[in-house]
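Indexing begins at 1, ligand by ligand and atom by atom, following the structure's order. Nothing here was measured: the structure is a model prediction, and the numbers come from that model.
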Amino acid sequence: MAIPGPPPHGGALVDLRVEDGRAVAAAAQELPRWELTRRQRCDLELLATGGFSPLRTFLGRADHASVCTAMRLTTGELWPIPVTLDLPECVVAAASSAGGLTLCARGADLAVLWLREAWRPDRVAEAAAVFGTTDPAHPGVHTLLHETHPWYVSGPLAVLALPTHHDFRSLRHTPAELRRELADRGWDTVVAFQTRNPMHRAHQELTIRAARELGAHVLLHPVVGITKPGDVDPSVRVRCYRALLPTYPPGTVLLSVLPLAMRMAGPREALWHAIVRKNHGATHFIVGRDHAGPGPDSQGRPFYEPSEAQDLLRRHEDELGIGVVPFRQMVFVRELQRHVPEDEVPPGHHCLRISGTEQRRRLAQGEELPEWFTPPEVAAELRRAFPGRTGEAVALLS
Ligand code: ADP
């Protein structure tokens with residue numbers, strides 16, 4: 001059956017789940033087992049369902065080198081982030097003699113990887129290429145250099161089952177399911193919004209403006225896999241997103257959660273996010289200020305320029321196959337009582353914005369959640385989640 005929606009990255013939506021799993025399940029019993037890390041579980045799920053189309057497995061050595069240096073697979077498609085399976089040496093040795101490895105999660109066999117390649121990557125070079133830095137203050141660099149096993153492996157992947165989730169089940173959609181849902185609703189122009197935070201008013205304004213400018217429906221597509229250390233827990237965030245849905249006109253917005261493991265790679269990450277949303281059926285993608293920014297470096301300076309992600313996506317927009325919707329920094333204008341892009345602020349008007357430092361000051365002084373920054377529906381959920389610590393909830397919104 002034809003897949004509805006725009007063409008996936010590389011032309012076809014990948015699905016690695018085997019139809020009759022008996023032979024693979026039997027092989028899985030005989031092979032050495034590897035309990036996937038959280039990041040690997042997220043990556044496997046998006047590989048399996050085609051969220052990472054055209055990837056059909058964890059990157060092999062040539063593709064890894066090409067992605068690092070040229071942001072492309074060896075077949076030529078844009079691909080900015082290494083999706084790799086890292087293992088300790090003893091597991092690689094066992095998998096090499098057995099010819100493969102069973103990938104497990106919480107005791108369940110999820111997939112078999114037939115081992116074709118194993119190598120020790122230069123992870124410092126990978127960090128420099130992908131993140132543009134080797135500063136361990138960058139959370140992606142820290143993970144790569146200090147929490148990643150020294151070997152990478154690749155080979156054909158056969159998936160028996162997806163990782164199980166007990167939370168937000170009605171909000172989880174594979175790319176094929178989401179494409180069908182959008183088609184059933186008759187939505188042919190869909191603008192996707194990525195976030196890893198409880199949505200605040202600037203976020204809301206980005207989605208409303210994008211929908212209006214494009215005549216589009218909105219796909220709220222927050223990440224519930226792995227985000228930046230210290231972020232608000234997905235269970236709280238999802239309550240915030242749900243609470244916000246009734247503020248949109250009926251039938252204009254869909255909430256779906258994405259099991260992505262973010263790397264906080266700024267511009268490259270934004271390109272990756274756009275590709276993943278294209279695979280899920282979106283026709284457009286919002287990229288705001290400092291998209292997927294990792295916070296300050298060890299000298300307190302930003303790792304990336306605020307518009308670097310937008311610039312990179314614009315340069316590749318024709319080839320990307322998903323419309324890029326860039327936004328300047330949104331600020332709240334007191335006289336207008338609404339958020340506008342900073343370049344649209346009328347002369348002499350006063351802008352309000354909350355910095356991380358200012359939020360922490362409010363926390364220290366126990367001040368109220370400012371309503372111009374946090375919609376009351378979101379504030380109510382945050383208060384419920386952080387009873388007596390509303391200031392902290394504000395600080396976490398940055
Ligand atoms: P992340 O980009 O890491 O997901 P957020 O959840 O804060 O972090 O951002 C979601 C999206 O909203 C991104 O595209 C980001 O660039 C954009 N964004 C966030 N705050 C603003 C703002 N004040 N002005 C313009 N864009 C913003």
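Residue contact check for ligand 1: Met262 places a non-hydrogen atom closer than 4.0 Å to it.
Closest to atom 19 (C) of ligand 1 by heavy atom, among Met199, His203, Arg201, is His203. Comparing heavy-atom distances from atom 7 (O) of ligand 1 across Asn197, Thr207, Asp231, Val223 singles out Asn197 as nearest. The option with the heavy atom closest to atom 21 (C) of ligand 1, from among Gln194, Arg196, His200, Arg289, is Arg289.
Around the CD atom of Glu317, the shell of radius 6.0 Å holds more than 12 heavy atoms that belong to other residues, nucleotides or ligands.
Considering both main-chain and side-chain atoms, Leu206 never comes within under 3.5 Å of ligand 1 through any nitrogen or oxygen pair. Where the criterion is an N or O separation shorter than 3.5 Å, residue side chain and backbone included, Phe327 fails it with respect to ligand 1. The N/O atoms of Ala292, backbone and side chain alike, include one that comes under 3.5 Å of an N/O atom in ligand 1. Of the N or O atoms in Thr195, one or more lie within a sub-3.5 Å distance of an N or O in ligand 1.
Tested against His273, the residues His280, His221, His291 include a single ring pair (Phe, Tyr, Trp, His ring centres under 6.0 Å) partner, His291.
For the atom pair OG1 (Thr283) and CG (Leu214), the distance works out to 7.5 Å, reported to the nearest 0.5 Å. To the nearest 0.5 Å, the span separating OG1 on Thr84 from CH2 on Trp119 amounts to 7.0 Å. Atom CZ of Phe193 is separated from atom CG of Leu220 by 7.5 Å, given to the nearest 0.5 angstrom.
Of all atoms in ligand 1, listed by their number and element, those nearer than 4.0 Å to a heavy atom of Met330 are 22 (C), 23 (N), 24 (N), 25 (C).
Listed by first then second residue, pairs satisfying ring-ring contact (aromatic ring centres under 6.0 Å, His included) with a partner in residues 308-331 number zero, not counting sequence neighbours.
Qualifying salt bridge (Lys or Arg N to Asp or Glu O under 4.0 Å) partners for Arg39, counting only residues two or more places apart in sequence or in other chains: Asp43, Asp86.
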